[in-house]
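Okay, here's the structure, questions in a sec.
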Amino acid sequence: MSAPRLASRLGGIPPTIFSEMSALAVRTRSVNLGQGFPDVDGPPAVIERAVEALHGGQNQYAPGLGVPSLRQAIARHQLRHYGIEIDPDSQVVVTTGCTEAVAAALLGLVDPGDEIVVLEPYYDSYVAMIQMAGGVRRPVTLRAPDFRLDPDELRAAVGPATRFMLINSPHNPTGTVLSGDELQAIADVAIEHDLVVITDEVYEHLTYDGHQHIPLASLPGMFERTLTLSSAGKSYSFTGWKVGWATGPAGLVGAVLAAKQWLTFTSGSPLQPAVAHALDDESDFPALLAKDLQSRRDLLCAGLADVGLDVRVPEGTYFATSDIRALGWPDGLAFCRALPGRAGVVAIPSQVFHDDAEAGRHLVRWAFCKQPEVIEEGLRRLAAADLRG
């Protein structure tokens, strides 16, 4: 038998940077300020609900759409926070995290050759799944140092084959929370060109300094063309549970389910009622978490500035972005690969999230979803190291 080969649909897609850098952190015993996972769990009562479900016999397949109690809780969440009314039986599907929601949305909706406008820098699964679905990405760059959306660049990215936009706000990795004007520009283009918009809103509750997340689906004329994706992982500090969802018009949600049934079909049966409890009965937790994260953001950003980095203070998410050129480094990947040996700290190079590599070559992403003492230790190591390129 000839040697196994990689399917062509995966050709050119590199391994995720998070695997490389997290493995490097373990190997070098570095402080991991790269991958975005918290080091403290979410509400204990939610964990107790999962334990109760485990002992209560909820260990077999859940319905493909998700358990009714969670779908109903998601519908209540959308109404309570955003005034968006949805039918839990036809306009909600539970997924294995938002990553599967993105995958199932693209596999269920995109035909080969369809163009998808996507904001860059982008979460790396977008690139992989657009390619697997046979789509063609059309990036619109959020450019340093402000990382704002240029409506003219957005319009210029739309062509005759454009069918979709994939929008992420609050935006990973830049920390931008799209403003009402920016969202209206997206809505205007979508309506004018009859586009479907897929929105990744996993950081919806993690915004700072008075910035507010506005779901695109809440804008006039947008609900019927918007598929909204989110999860409990970031808002409730249960990233390992991988419980996410898609909401929107029944036709778009049905397309997600049509693909999802051949991916995981269902998952996390005892976790789903626990997440329902979180949404309904621990609804204050995300706001408290955001307040705590804002103080950790400030700690990290001040410390990065003290070691000579130009830092953009984010409006949301887990992440801050710095420009490393002031230290004499023109290339973020080289900087991040050298950093564990020099300082015992791991960060993520932003250039791997760009098609326009030059726009991101000098940028590095840092995670502040860690306990203050972890951030302080990372900053101590950076301050004691020779970081000059």
Side-chain angles (χ1 to χ4, degrees), residues 14-40 121 123-124 144-145 147 171-176 206 208 234 237 239 292-354 357-389:
T16 174
I17 190 67
F18 302 110
S19 295
E20 176 186 350
M21 300 313 294
S22 290
L24 186 59
V26 172
R27 189 165 64 249
T28 60
R29 297 183 179 180
S30 292
V31 175
N32 190 349
L33 299 182
Q35 193 166 3
F37 57 87
D39 48 12
V40 174
Y123 183 58
D124 58 357
F147 301 111
H171 184 263
N172 172 15
T174 67
T176 290
L206 304 183
Y208 316 118
K234 303 303 193 296
S237 295
T239 59
D292 186 28
L293 283 169
Q294 181 170 321
S295 68
R296 293 188 242 169
R297 176 204 67 174
D298 294 343
L299 173 65
L300 176 66
C301 290
L304 294 176
D306 285 345
V307 299
L309 292 166
D310 294 325
V311 185
R312 195 268 182 137
V313 178
E315 301 160 357
T317 76
Y318 280 169
F319 309 111
T321 295
S322 67
D323 184 333
I324 59 170
R325 289 176 296 186
L327 294 177
W329 292 85
D331 185 273
L333 185 58
F335 174 84
C336 288
R337 284 175 170 161
L339 194 60
R342 291 196 179 202
V345 176
V346 161
I348 298 292
S350 294
Q351 70 206 71
V352 301
F353 306 135
H354 286 77
E358 291 308 312
R361 191 174 302 281
H362 58 291
L363 302 174
V364 168
R365 192 193 81 171
W366 309 81
F368 53 85
C369 52
K370 312 297 180 182
Q371 287 299 287
E373 55 268 26
V374 176
I375 297 172
E376 289 167 350
E377 174 60 21
L379 293 174
R380 279 194 293 270
R381 295 183 182 196
L382 292 172
D386 180 2
L387 302 179
R388 292 169 297 177

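All residue numbers refer to positions in the sequence shown, counting from 1.
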| note | On a heavy-atom basis, the closest approach of Leu304 and Leu379 is N-CD2, 3.8 Å
| remark: Taken to the nearest 0.5 Å, the spacing of Ser237 OG from Leu293 CG works out to 7.0 Å
| message | For Asn32 versus Ser22, what's the shortest heavy-atom pair and its separation? | response | ND2-OG, 3.5 Å
| query | If you take all heavy atoms of Pro340 and Leu24, which pair is closest and at what distance? | reply | CG-CD2, 3.4 Å
| said: So does Pro15 get a backbone contact from the side chain of Glu20, meaning a donor-acceptor N/O pair under 3.5 Å? | reply: no
| field | Pair Val364-Leu309, side chain to side chain contact (heavy atoms under 4.5 Å, CB included): steps then yes or no | value | CA-CA 10 Å; Val364 168; Leu309 292 166; over 6 Å; no
| query | Between the side chain of Arg342 and the main-chain N/O of Asp386, is any donor-acceptor distance below 3.5 Å? | reply | yes
| query | Are Ile348 and Pro173 close enough that some pair of their side-chain heavy atoms sits under 4.5 Å apart? | reply | no
| Val311 versus Cys301, closest heavy-atom pair with distance | CG1-SG, 3.8 Å
| Is there side-chain contact between Leu339 and Trp329, with at least one heavy-atom pair below 4.5 Å? | no
| side chain to side chain donor-acceptor pair (under 3.5 Å) partner of Asp331, the single match among Arg325, Arg337, Arg361 | Arg361
| remark: Distance col, row Phe147:CZ vs Ser350:OG, nearest 0.5 angstrom, shows 7.0 Å
| field | Sidechain-backbone polar pair: Asp124 side chain, Thr16 backbone, donor-acceptor under 3.5 Å | value | no
| query | Side chains of Arg312 and Thr176: do they bring a donor and an acceptor to under 3.5 Å? | reply | yes
| With no hydrogens and no angle check, do the side chains of Thr317 and Asn172 hold a donor and an acceptor under 3.5 Å apart? | no
| Checking side chain to side chain contact (heavy atoms under 4.5 Å, CB included) for the pair Val313/Tyr208: CA distance, chi angles, key distance, verdict? | CA-CA 10 Å; Val313 178; Tyr208 316 118; over 6 Å; no
| request: With rounding to the nearest 0.5 Å, note down the distance linking CE in Met21 to CD in Gln35. | output: 11.0 Å
| task | Report the distance from atom SG of Cys336 to atom CD1 of Ile17, rounding to the nearest 0.5 Å. | result | 7.5 Å
| Gln351 side chain to Gly332 backbone, donor-acceptor under 3.5 Å | yes
| message | Please check: side-chain N/O of Lys234 versus main-chain N/O of Phe37, any donor-acceptor pairing under 3.5 Å? | response | no
| Roughly how far apart are Asp292 CG and Gln371 CD, rounded to 0.5 Å? | 7.0 Å
| said: Using 0.5 Å steps for rounding, measure from the CG atom of Leu300 to the OG atom of Ser322. | reply: 9.0 Å
| query | For the side chain of Arg381 and the backbone of Gly344, is there at least one donor-acceptor N/O pair under 3.5 Å apart? | reply | yes
| Within the distance-only criterion (no hydrogens, no angle test), does the side chain of His362 pair as donor or acceptor with the backbone N or O of Ala326 below 3.5 angstrom? | no
| Shortest non-hydrogen contact from Arg297 toward Pro314 | NH1-O, 2.8 Å
| task | Please confirm whether the backbone N or O of Thr174 pairs with a side-chain atom of Arg365, one donor and one acceptor, at under 3.5 Å? | result | no
| task | Provide the closest heavy-atom pair for Phe368 versus Ala320 in the form atom of the first, atom of the second, distance. | result | CE2-N, 3.9 Å
